[in-house]
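Please read the structure below before turning to the comments.
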Amino acid sequence: MMEFFLFGVYFFFNPVYFFLFMVVFSFFMMNGFSWSGFIFFLDSFSFVLLVVMSLFILGMVLLSEKSSPLLLLSECLVFICVMFFVPANMIMLYMFFELSMFPILVMILGYGSQIEKINSAYYLIFYASFCSMPFLFVYFKSWFFFTLVYFDFNLSWEMVFLISLSFMMKFPVYFLHLWLPKAHVEAPTTASMLLAGLLLKLGTAGFMRIMGSLSFVHNNLWMVIAFLGMILASFCCIFQSDAKALAAYSSVTHMSFLLMALIFILMSGKTSGLIMMLAHGYTSTLMFYLIGEFYHVSSSRMVYYMNSFFSSGMIMALFFVVVFLSNSGTPPSLSFLSEFTAITAALNFMKFGFYILFLYFFIAFYYSIYILTSAVMGKSFVNMGVWNFGFSVPLIVMMYNVFWLSVFF
């Protein structure tokens, strides 16, 4: 199996062949459950689903991106992410976790349009280094007992906090999130799609690995931060004028909700967390794609100027509506399904959570409807003839594909 995988890497400089090989590789993953190779160990279907999602996003990038260097960087990032989802031991996990920063940094510094891209690259590097170095400290202090990819023994509160910190930065939870809107606003459309769809999943998948060492004593802090993040980031979304920044803060709210679901350490919480990861991966990728295409046509990302979609292009407007409704958790999308499962776990667990969740959904639905009504109403005309919106159909199908659930039962 490893030989087949390395043979796929041989086609790295031909993106289409590389993509096809990775797809075949993921089919082998689906069939060969729990086999191990030289540097990877396939231990859960949860991570196989994330690998499939990363390949869907790579396919979308292959269709929509014309620049050859950006395509190679995208391949590189997807390859690193696939290796992160199925590592053989903790040091491989950490290595691919840190390695994923470099393609995104090159994309932002090489292809961003404003000089502020240097500032956002600084944010990215410093957040990554300050939050991730403690992880190595815990690894050395443990006398290298963390050889396997699961933490399944008790640690002190400080150790749990330190190993959580590096994954929380990529989550990103509120208070560690400032690099995300900056990186999104400065990055080209392709980098934004990969950043939202893939890079945020590295933090969540890594956190799922270390959840074994969270006993119920250790999770109070992250619970408070999750609730705070949901409310505060939703308020941030309301006051955004830049559509890309709004989508970035919307990612922060969803990831805080996902953290809340995972922190319950219940099976239903973990399942809903995984479905939410998939839903957010497909939805946010398309959100950034559509906003990026609008920017290419009109040279503006202001929510105020995003109007008259219905009078300019009906199919495009429908796609836009479907994607943003999925983002707000409207049935029958995967987002709704995951949020509903997480809420049932939350209400069984803590009764006062109802009021916080109600406030969160109220604000979240407000900003989703706000950007939707801004976009589809109006009488001006935007020339949308160059929009390659057909590329987004596979991701929209996956966004509303509730049949993924059959994997769990």
Side-chain angles (χ1 to χ4, degrees), residues 4-30 48-86 96 99-100 102-108 110-112 184 187-202 244 247 277-297 315-316 319-320 323 384 386-399 401:
F4 182 83
F5 183 65
L6 292 172
F7 185 55
V9 179
Y10 175 73
F11 290 105
F12 188 75
F13 290 101
N14 191 323
V16 177
Y17 286 153
F18 176 78
F19 172 69
L20 290 175
F21 261 96
M22 293 302 281
V23 168
V24 175
F25 184 65
S26 69
F27 272 116
F28 275 114
M29 279 183 164
M30 284 286 197
V48 177
L49 291 179
L50 290 171
V51 167
V52 171
M53 185 189 77
S54 53
L55 292 178
F56 259 91
I57 294 170
L58 177 62
M60 174 83 181
V61 168
L62 284 181
L63 289 170
S64 61
E65 184 53 59
K66 305 292 186 289
S67 163
S68 182
L70 270 178
L71 277 179
L72 288 178
L73 284 165
S74 306
E75 280 183 82
C76 191
L77 184 62
V78 168
F79 176 74
I80 290 168
C81 290
V82 168
M83 294 317 302
F84 173 85
F85 291 136
V86 285
F96 287 114
L99 208 53
S100 63
F102 288 103
I104 286 290
L105 267 176
V106 175
M107 284 181 187
I108 291 174
Y111 293 89
H184 271 307
T189 302
T190 299
S192 279
M193 287 159 61
L194 290 165
L195 192 59
L198 277 187
L199 223 63
L200 302 190
K201 305 302 165 289
L202 299 191
K244 236 183 179 183
M277 276 192 232
L278 296 171
H280 177 263
Y282 295 122
T283 307
S284 59
T285 303
L286 275 188
M287 278 164 58
F288 283 108
Y289 173 66
L290 296 175
I291 291 168
E293 286 296 314
F294 177 78
Y295 175 66
H296 295 155
V297 171
I315 298 177
M316 186 56 237
F319 278 31
F320 196 87
V323 169
M384 297 182 182
V386 297
W387 285 32
N388 307 315
F389 52 82
F391 300 153
S392 48
V393 173
L395 289 189
I396 288 179
V397 169
M398 295 305 291
M399 218 186 321
N401 182 7

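As the structure is a computational prediction, the values presented were derived from the model and not from experiment.
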For I80, side-chain contact (heavy atoms from CB on, under 4.5 Å) partners two or more places apart: C76, F96, L99, S100, P103
For F85, the ring pair (Phe, Tyr, Trp, His ring centres under 6.0 Å) test, sequence neighbours excluded, returns none
Using the rule given for side-chain contact (heavy atoms from CB on, under 4.5 Å), can you reason through V297 versus E293, listing the C-alpha separation, both sets of side-chain angles and the distance that settles it, and then say yes or no? CA-CA 6 Å; V297 171; E293 286 296 314; 5.6 Å; no
Got L199 and L77 here, is their nearest side-chain heavy-atom distance under 4.5 Å? yes
Working to the nearest 0.5 Å, report the span between CZ of F288 and OG1 of T285. 9.0 Å
Could you go through the side-chain contact (heavy atoms from CB on, under 4.5 Å) check for H296 and T189 one step at a time? CA-CA 9 Å; H296 295 155; T189 302; 3.5 Å; yes
Side chains of F79 and M83: does their closest heavy-atom pair fall under 4.5 Å? yes
Side-chain touch F294/F320, heavy atoms, less than 4.5 angstrom: no
Going by side-chain contact (heavy atoms from CB on, under 4.5 Å), name the residues that satisfy it together with V397, two or more places apart in sequence or in a different chain. V393
From CD (E75) to CG (L73), nearest 0.5 Å: 9.5 Å
Which residues pass the ring pair (Phe, Tyr, Trp, His ring centres under 6.0 Å) test with F319, not counting sequence neighbours? F389
Can you sort out the partners of S74 under side chain to side chain donor-acceptor pair (under 3.5 Å), two or more places apart, ordered by chain and number? none
One should read off an interatomic distance between S284 OG and M399 CE, to the nearest 0.5 angstrom, of 9.5 Å
Side-chain touch L194/V78, heavy atoms, less than 4.5 angstrom: yes
Donor-acceptor contacts, no H, no angles, side chain residues 49-67, under 3.5 Å, sequence neighbours left out:
| from | atom 1 | to | atom 2 | distance (Å) |
| --- | --- | --- | --- | --- |
| S54 | OG | L50 | O | 3.3 |
| S54 | OG | V51 | O | 2.6 |
| S64 | OG | M60 | O | 3.0 |
| E65 | OE1 | T190 | OG1 | 2.3 |
| E65 | OE2 | S67 | N | 3.0 |

